[in-house]
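Whatever order the structure lists them in is the order used to number ligands and atoms, beginning at 1. Here the structure is a predicted model, which is why all the values come from computation and not from measurement.
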Amino acid sequence: MLHSWGGVDLVLDCAGIRSGKLFFGFISYRPDRNLEVSVTWIQLEPAQQLLQSPRNQQSKQSLRGVMAQKINQAKDPGPPHGAVTGQYADEEYFMNVALLFAKKSRDPKSKVGACIVNEEGKIVGIGHNKMPNGREDDFPWKRGGSRGLDTKYPYVCHAELNAIMNKTSVDVKGCTIYVTRFPCNECAKAIIQSGIKHVVYLSKPSAEDPIEREAAERLLSGIGPRQFLSKTEADELLKSILPALNE
Ligand SMILES: O=c1[nH]c(=O)n([C@H]2C[C@H](O)[C@@H](COP(=O)(O)O)O2)cc1CO
């Protein structure tokens, strides 16, 4: 699951950008682009293999100085751009936009936000969980295991669906969706059908319905959703959505 691997000659280093459970940042050197160093994301295991190769070890030593300088540049949030390069600053920006939209939700218990970003790093869709347009006051926000007609479940439109429906571009093919909560199976279907190619989520609360969760996992397995940040770091960010997104 590497976003930009073509033409990379060696992997210089990892860590120091942001580490999570499954992914971590690393610096890559593209000789064809005159020592361009970029931050991207790779699954832990293949990244370790690359880093440990003898050729990589050698090259790493001689370019360590340049790397340190570039790491600092990469840490600078700057303007949002290049979502698909996986730059940490960009990802944080987009996830914070999703969090900001989650705050708009009138669901008293669970606020969810989603932000769709195209391959140029532009936001092309945002959404939060809400009742259908024009019917905001017509349905209950009540929770409940029964999920009956007196609860919110049959009526509420999920954040991911709203972000897709609210898109400002012709389509969202090839885009990345940043979502504050792991998508449900219905949203997983909408994500796939819309052509979204990457899913980055913040929290994965234990599912009320294990069948739906398993279906969502299976549906999204072709996309390979990944968690943004480590659990501890994610929990910190989630504190901004009240009362308790993780319940
Ligand atoms: O993918 C999702 N997207 C989304 O917007 N939601 C919303 C719908 C509901 O308003 C709320 C779920 O309610 P609760 O956590 O109280 O059971 O979160 C729920 C999911 C399921 O993870």
Check ion pair Asp137-Arg106 (N to O, under 4.0 angstrom):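 Salt bridge flag = yes for Arg106 with Asp137.
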
Electrostatic pair Glu91:Arg226 at N-O distance under 4.0 angstrom: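 Counted as a salt bridge, because a side-chain N and a carboxylate O are separated by less than 4.0 Å.
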
Among Asp209, Asp107, Asn162, Leu161, which residue places a heavy atom closest to atom 9 (C) of ligand 1?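 Nearest option to atom 9 (C) of ligand 1, by heavy atoms: Asp107.
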
Checking the N or O distance criterion of under 3.5 Å, is ligand 1 in contact with [X]?
X: Val156; answer: no
X: Cys184; answer: yes
X: Val112; answer: no
X: Trp141; answer: no
X: Glu160; answer: yes

According to salt bridge (Lys or Arg N to Asp or Glu O under 4.0 Å), who are the partners of Lys130, at least two apart in sequence or on a separate chain?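 In terms of salt bridge (Lys or Arg N to Asp or Glu O under 4.0 Å), with neighbours along the sequence ignored, Lys130 is linked to Glu136.
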
Got a sec, which pairs hit ring pair (Phe, Tyr, Trp, His ring centres under 6.0 Å) with one end in residues 100-141, sequence neighbours left out?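 For residues 100-141: Phe139-Tyr155.
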
I need the contact type for Lys152 against ligand 1. Using non-hydrogen atoms and a strict under-4.0 Å cut-off, is it side chain, backbone, both or neither?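 Side chain only.
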
Is it the side chain (CB and beyond), the backbone, both or neither of Arg181 that lies under 4.0 Å from ligand 1, heavy atoms counted?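 Arg181 to ligand 1: side-chain contact only, backbone stays beyond 4.0 Å.
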
Contact atoms of ligand 1, heavy-atom distance to [X] under 4.0 Å:
X: Phe182; result: 1 (O), 22 (O)
X: Pro183; result: 1 (O)
X: Tyr153; result: 13 (O), 14 (P), 16 (O), 17 (O)

Is there a side-chain contact between Asp107 and Lys152, using heavy atoms and a 4.5 Å cut-off? yes

Would you call Glu92 and Asn96 a side-chain contact if the rule is heavy atoms closer than 4.5 Å? yes

Hydrophobic cluster membership, with links at side-chain heavy-atom distances under 4.5 Å among I/L/V/M/F/W/Y: are Val179 and Leu220 in one? yes

Short side-chain to backbone donor-acceptor contact, Asn166 and Ile126, under 3.5 Å: yes

